[in-house]
Structure formats: C-alpha cells, structure tokens
Amino acid sequence: MKKMKSLLIAAALFFGISTTTVMAQSKVAHIDVQQLMTELPAMKSAEAELKKIGEGYEKEFSGMMTEYQNKIKKYQDEAAKAGDAENEKRAKEVDELQQRIQKFQTTAQQDLQKKQLDLTQPIFEKARTAIQKVAKAKGFEYVLDSSMGSGVLLADGTNLLADVKKELGVTK
C-alpha cells in the first residue's frame, strides 16, 4: 500500500513538472489590439467617414422631426375650427409621418452598422495578419489581447504593439 502511494505521488510530481516544463517552453506575447486599432490611419479615416454619414442621417432625422412637430402644432391650433373629418384625416397623416420617422431611424441605424462593418472588417483583418506575421517572426506561439477588459490581468511579457505598428507602416 505504501509503494502504491509512493508511486502515485511520484507520478503526480512527474506530470506536474513535465506540464510546467511544457508551459514554460511556450512563448507568449501580448498586444493591446484596441490601442493598435485607434492608432491606424485607416481606422481614423473609417471613423471620419462614419461620422460624416451619421451626421447626414442626423440632419435628415432632425428635418423630419421639425416637420412632424410643426404639423402637430398647426393641427392642434386649427383643430377647433376644422371639422371631425378633417381632424381625422390630419391625425392619420401625423401617424403616417411618425411611422416614416421610426422606419427611417431603424433603416439609418442598420445602414450605419453595415457601413461600419464594411469599413472596419478589412482593417481588422490586416491588423490580425500583421500580428500573426510579427508573432511568427519572433517565435511566439500565443499572443494575448491586453486591451482593457479582455481578461488579461498581467501583461509584463513581450509587447508586440511597436513591431506590429512598424509592420503596418504606422510611424506614430
């Protein structure tokens, strides 16, 4: 029984040491992907384009809201003088305008999200490819994202940010 216990302890120690050795041999680096993305000129251009599109949608929405508010005010002021049939017709018109505004909001939001994806996806892919290239060139097996909230609690190891920025041609 004592021999069996000794064998189990020896096996546990052996596997513990070999696992530690394997883990120690794995090369791990980190990069703050969020910081990288904000510093890329292509991302800054994409954000500027998205802002411009968003402002266009806001301007159009604001115009629709002004029209809606003006009609409501006008119809409320004239409600006592207009007949029931006219008030009913106006209420239907205001309701249709409200539905158009809601549909516009939904469509604009969907279009903006699609445009954001269309603009940023190629940038993310280019950054990912550069990270992989730099990591392979430096012999790293794992690269962790050290962006805030990514789950990495300590990132004292090799930081690939400068090398990846260099690979992407970012001088800042």
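Throughout, residue positions are numbered sequentially from 1 according to the sequence presented.
At distances below 3.5 Å, at least one donor-acceptor pair connects side-chain atoms of Ser147 with backbone N or O atoms of Gln34. The backbone N or O of Val33 sits less than 3.5 Å from a side-chain atom of Asp145, completing a donor-acceptor pair. Between the side chain of Ser62 and the main chain of Glu58, no donor-acceptor pair closer than 3.5 Å is present.
Atom NZ of Lys138 sits in a sparse spot, with 12 or fewer heavy atoms from other residues, nucleotides or ligands closer than 6.0 Å. Few gaps surround CD on Glu93; more than 12 heavy atoms of other groups in view lie less than 6.0 Å from it.
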Chi angles and distances behind the side chain to side chain contact (heavy atoms under 4.5 Å, CB included) call for Gln99, Asp95
CA-CA 6 Å; Gln99 288 176 8; Asp95 188 47; 3.3 Å; yes

Would Glu86 and Glu78 count as a side chain to side chain contact (heavy atoms under 4.5 Å, CB included) here? Give the steps.
CA-CA 10 Å; Glu86 184 65 26; Glu78 297 174 355; over 6 Å; no

Gln102 vs Gln98, test: side chain to side chain contact (heavy atoms under 4.5 Å, CB included). Steps then yes/no.
CA-CA 6 Å; Gln102 288 174 343; Gln98 185 178 18; 4.3 Å; yes

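To the nearest 0.5 Å, atoms CD (Gln76) and NZ (Lys73) are separated by 8.0 Å. With rounding to the nearest 0.5 angstrom, the CG atom of Asp163 is 11.0 Å from the CG atom of Leu168. Expressed to the nearest 0.5 Å, how far CD of Gln116 lies from CG of Asp111 amounts to 13.0 Å. Taken to the nearest 0.5 Å, the CD atom of Gln132 stands 11.5 Å off from the CD atom of Glu167. The CZ atom of Phe140 sits 11.0 Å away from the CD1 atom of Ile31 when rounded to the nearest 0.5 Å.
Residue Met43 is grouped with residue Leu36 when hydrophobic side chains (ILVMFWY) are merged at heavy-atom distances under 4.5 angstrom, including chains of intermediate members. In the hydrophobic clustering of ILVMFWY residues, with side-chain heavy atoms under 4.5 Å counting as a link, Leu97 and Ile72 come out together. Clustering ILVMFWY residues whenever any of their side-chain heavy atoms sit less than 4.5 angstrom apart, transitively, puts Leu112 in a cluster other than the one holding Ile123. Under the 4.5 Å side-chain heavy-atom criterion for ILVMFWY residues, no single connected hydrophobic cluster contains both Leu50 and Met37.
With respect to Arg100 and Glu96, no salt bridge is recorded, no charged nitrogen being found less than 4.0 Å from a carboxylate O. Salt-bridge formation is detected for the pair Asp118/Lys114: a Lys NZ or Arg NE/NH1/NH2 atom is positioned less than 4.0 Å from an Asp or Glu carboxylate oxygen.
With side-chain heavy atoms closer than 4.5 Å counting as contact, directly or through intermediates, Leu117 stands alone and belongs to no larger hydrophobic cluster.
Closest non-hydrogen pair, Glu49 versus Leu119, comes out as OE1-CD2, 3.9 Å.
The closest side-chain donor-acceptor pair between Gln109 and Tyr57, if any, does not fall under 3.5 angstrom. Between the side chains of Gln35 and Glu39, at least one donor N or O sits under 3.5 Å from an acceptor N or O. Side-chain contact annotation: Ser146 with Asp32, donor-acceptor N/O pair under 3.5 Å absent.
With sequence neighbours excluded, the residues satisfying side chain to side chain donor-acceptor pair (under 3.5 Å) with Glu125 are Arg128.
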